[in-house]
Amino acid sequence: MENKIRQIKQSFEEDLRAALPTGRLADIRIKYLSRRQGMIPSLLQEFRGLPSEQKPAIGRSLNHLKQHIEEEIRKGENHARTADRFRPQEDFDITLPGVPPALGSIHPISQIQEILEGIFLEMGYSIEEGPEVETDFYNFEALHMPKDHPARDMQDTFYLPGGLLLRTHTSPVQIRTMKKQRPPLKIIAPGKAFRRDSDISHSPMFHQLEGLVVDEGITFGDLKGTLEHLCRAVFDEGTRVRLRPSYFPFVEPGAEYDISCLVCDGKGCRSCGSTGWLEMGGAGMVHPEVFRTVGLDPEKFSGFAFGLGIDRIAMLRYGIDDIRLFFENDIRFLRQIQDCGGY
Ligand code: FA5
């Protein structure tokens with residue numbers, strides 16, 4: 001009887017080892033514990049026929065074995081139940097590619113700004129920044145627009161408490177740069193500007209890029225050459241540039257510059273209002289008064305400055321007819337621009 005108990009224990013351990021990974025323990029429960037065919041009940045049957053002096057020792061071994069088998073089967077079944085809960089319901093193919101995460105992209109205005117910066121960095125310009133909340137001095141006074149100057153009306157200003165305002169253009173960075181650095185100067189200043197203005201081609205917040213070059217012997221020809229190079233680099237080699245006399249208090253002479261219409265190539269169409277030209281921005285030679293304000297001798301130094309609307313360039317470049325679309329954060333619009341490739 002002792003031998004049988006040992007053999008059953010050994011065969012149970014082997015069966016258990018084989019059954020555990022599959023989680024199928026019902027078969028060994030039947031094999032060892034079922035009342036009709038189980039090995040333990042039939043051993044108990046045999047046990048009853050033993051002489052009474054053998055019963056205490058054999059009975060103990062038999063009980064231990066029975067408890068051990070019940071315990072191990074219960075543990076195995078619990079384990080299988082837990083593993084089942086975490087097992088994927090269906091088989092899956094781990095070689096299938098995953099779902100790609102949605103990627104963001106650079107905003108079209110930032111893309112154009114980066115392209116413009118690249119063009120100027122190649123020409124040896126450096127990039128300057130100035131505050132968006134400005135003082136009246138930098139935004140107007142130092143740019144030769146005293147308090148009652150009518151030119152102030154050209155730029156509907158957002159005024160803030162404490163004599164501050166949201167800069168209406170990037171030109172104040174000209175003043176800040178000339179006050180802290182001596183010529184030769186060759187800088188651009190891209191950034192946000194703000195005006196009380198809103199329609200399909202005007203936004204209350206928009207982006208400008210200012211350019212300033214100051215040295216001895218800088219001429220209007222240098223300005224024209226720079227603008228021509230800029231427009232051809234941004235659009236294409238065949239783009240023509242024209243300068244028209246215009247007035248900005250901080251330059252003399254002042255001009256506005258246009259490019260030949262990208263749609264009709266100068267013949268006249270709806271996009272250019274039949275003029276054949278598209279307006280790009282303002283420019284001119286730095287006014288002697290501005291030089292005096294920043295402590296530079298206008299007899300010694302000359303310079304040119306220009307400003308352009310980054311958003312307007314983006315509109316031309318991507319064929320967008322309403323500037324407000326850029327700032328509505330409609331992901332479908334931004335995706336469309338991303339898909340059309342831009343540059
Ligand atoms: C100026 O702001 C001058 N500071 C430019 C300048 C710089 C002249 C240096 C001379 C020397 P203007 O107001 O024209 O100029 O604006 C320049 C460009 O900014 C415009 O041609 C236009 O492209 C853009 N712009 C102006 N207002 C808005 C607006 N509300 N929304 C979008 N773009 C605008």
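Each residue takes its place number in the sequence, starting with 1. Predicted model only: the values in this text are computed from it and were never measured. Both counts, for ligands and for their atoms, begin at 1 and track the order of listing. What's counted below: heavy atoms across the whole structure, side chains too, no hydrogens, waters or symmetry copies.
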Salt-bridged, D258 to R240, with N to O below 4.0 Å?
-> no

Protein heavy atom at shortest distance from atom 5 (C) of ligand 1 = G307 CA, 4.0 Å

Does S171 come within less than 4.0 Å of ligand 1, judged by its heavy atoms?
-> yes

Pair Y32-S11, side-chain donor/acceptor within less than 3.5 Å = yes

If we ignore angles and hydrogens, is there a donor and acceptor under 3.5 Å between the side chains of T168 and N139?
-> yes

Any side-chain donor-acceptor pair under 3.5 Å between H149 and E141?
-> no

Any idea which part of F250 is under 4.0 Å from ligand 1, heavy-atom wise: side chain, backbone, both or neither?
-> side chain

Within reach of ligand 1, part of I323 (heavy-atom separation under 4.0 Å) = side chain

Going by heavy atoms, is Q174 under 4.0 Å from ligand 1?
-> yes

Winner among E210, H169, R167, Q208 once heavy atoms are compared against atom 9 (C) of ligand 1 | E210

Of the listed options S203, G282, S201, P172, closest to atom 30 (N) of ligand 1 (non-hydrogen atoms) = S203

Distance from atom 24 (C) of ligand 1 to nearest protein heavy atom, with residue and atom | G309 CA, 3.9 Å

Which atoms from ligand 1 have a heavy atom of E279 less than 4.0 Å away?
-> 21 (O)

Which is closest to atom 15 (O) of ligand 1 by heavy-atom distance: F194, Y247, F248?
-> F248

Any side-chain heavy atom of E13 within less than 4.5 Å of one from H68?
-> yes

With a 4.5 Å limit on heavy-atom distance, are the side chains of H287 and P249 in contact?
-> no

Any H202 side-chain heavy atom under 4.5 Å of R195 side chain | no

Side chain, backbone, both or neither: the part of R195 lying under 4.0 Å from ligand 1 by heavy atom = side chain

Pairing of R324 and D199 as salt bridge, 4.0 angstrom limit = no

Sole candidate of F120, F250, F248 that passes ring-ring contact (aromatic ring centres under 6.0 Å, His included) when paired with F306 | F120

Report the nearest protein non-hydrogen atom to atom 23 (O) of ligand 1: residue, atom name, distance rounded to 0.1 Å.
-> R312 CG, 3.2 Å

Per-residue contact class, M280 against ligand 1 - non-hydrogen pairs under 4.0 Å | backbone

Between A283 and ligand 1, which part of the residue brings a heavy atom under 4.0 Å of the ligand: side chain, backbone, both or neither?
-> backbone

Residues R17 and E14 bridged, charged N to O under 4.0 Å = no

Distance to 0.1 Å, residue and atom name: give those for the protein heavy atom nearest to atom 33 (N) of ligand 1.
-> F206 CD1, 3.4 Å

